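Pasting a structure here, questions to come.
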Amino acid sequence: MSDKPSDLLRGLKSLSGPFPAWNTELLPDRPGDLFLEWLRLAIDYGVKEPHAMTISTVDSNGFPDARVLILKDVVDDAFYFASGSESRKGQQLENNPYVALTFYWPTLGRQIRIMGDAVDMGEEAGAADFRKRSIGARAVAMTGRQSQELESEEELERAIAAQKERISRDPDVVTPNWRLYAVNAKEVEFWQGDPERKHVRIQYVLQHGQWKHRRLWP
């Protein structure tokens, strides 16, 4: 067996199916409704972490910056996630609110791409989301050191332990920079993969306050 990366990668299967049928003659008027239909199907099929998404922001030099986060809610055509406002992504959002969200569910051969602008929902919404997080997740966020250089594991453990102790004394404590963001979708594409690469793609575009959809070539 060749150890060349190209041979290794070409030997891997992709879009092997079978995949569920998708009737594009019965599309909802709004992409948020279709997203929830697909999400429920992903859950029914046992897709692991179907609410995990890649969020792409833009840094101060114009480079895209991507990471995986968890979707917190969907209201109409707004998609919600949470983050510290002083984190790397939080600073990028403050300078440029335009983002892209990407979901990929290999079991279904489905991908959803969302483009829009992220809006900070304010301190109260951020605090409410923060209190719903696990104690461990809250303690890590409260250290306030995300993306900074870590000198030692011991330093990390001490910082987390101190914040857990703080939470035990005051269960309602929140970190002031925690924020809930709503991504107001402007364009959403639903992509159904096909083993023969005859992919089905439906694109929703918001025009003058109204959603229009069309089919795209694979």
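Being a predicted model, the structure only gives us computed values, none of them experimental. Computation of the quantities below employed the complete heavy-atom set of this structure, encompassing side-chain atoms and omitting hydrogens, waters and symmetry-equivalent molecules.
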Quiz item: Should Val119 and Asp117 count as side-chain neighbours, where that means a heavy-atom distance under 4.5 Å?
Solution: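 Sidechains of Asp117 and Val119: in contact.
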
Quiz item: So, do Phe103 and Leu71 sit near enough that their side-chain heavy atoms are less than 4.5 Å apart?
Solution: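 SC-SC contact between Phe103 and Leu71 confirmed.
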
Practice problem: For the pair Arg67 and Thr57, evaluate side-chain hydrogen bond (donor to acceptor under 3.5 Å, both in side chains) and give the outcome as yes or no after the intermediate values. | Solution: CA-CA 9 Å; Arg67 76 288 288 162; Thr57 52; 3.0 Å; yes

Side chains of residues 205-215: which donor-acceptor partners sit under 3.5 Å, not counting sequence neighbours?
| residue | atom | partner | partner atom | Å |
| --- | --- | --- | --- | --- |
| Trp211 | NE1 | Asp77 | OD2 | 3.0 |
| Arg214 | NE | Gln203 | OE1 | 2.7 |
| Arg214 | NH2 | Gln203 | OE1 | 2.8 |

Quiz item: Can Arg169 and Glu165 be said to form a salt bridge (Lys or Arg N to Asp or Glu O under 4.0 Å), step by step?
Solution: CA-CA 6 Å; Arg169 295 195 308 268; Glu165 172 63 23; 3.6 Å; yes

Practice problem: Specify the closest pair of heavy atoms between Gln111 and Thr102, including all atoms of both residues, with the distance to one decimal. | Solution: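 Heavy atoms only, the tightest pair is OE1-CG2, 3.8 Å.
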
Quiz prompt | Shortest non-hydrogen separation from Leu108 to Ala42 and the atoms involved | solution =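 Smallest interatomic distance, heavy atoms only, reads CD1-CA, 3.6 Å.
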
Quiz prompt | Step-by-step ring pair (Phe, Tyr, Trp, His ring centres under 6.0 Å) determination, Phe35 to Phe79 | solution = CA-CA 10 Å; Phe35 176 88; Phe79 299 79; 5.1 Å; yes

Quiz item: Think Arg110 forms a cation-pi with Trp38, using NZ or CZ under 6.0 Å from the six-ring centre and within 45 degrees of its axis?
Solution: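 Yes, a cation-pi geometry holds between Arg110 and Trp38.
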
Self-check item: Steps toward side-chain hydrogen bond (donor to acceptor under 3.5 Å, both in side chains) verdict (Arg197, Ser14)
Solution: CA-CA 10 Å; Arg197 278 34 181 188; Ser14 62; 2.7 Å; yes

Practice problem: Find out whether Tyr80 and Leu180 are in side-chain contact, i.e. whether some heavy atom of one side chain is under 4.5 Å from a heavy atom of the other. | Solution: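 Yes, side chains in contact.
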
Quiz prompt | Minimum heavy-atom distance Asp129-Ala82, with the two atoms named | solution =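 For Asp129 versus Ala82, the nearest heavy atoms are OD2-CB, 3.3 Å.
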
Self-check item: Taking every non-hydrogen atom, the tightest pair across Phe190 and Pro31
Solution: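 The answer is CZ-O, 3.4 Å.
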
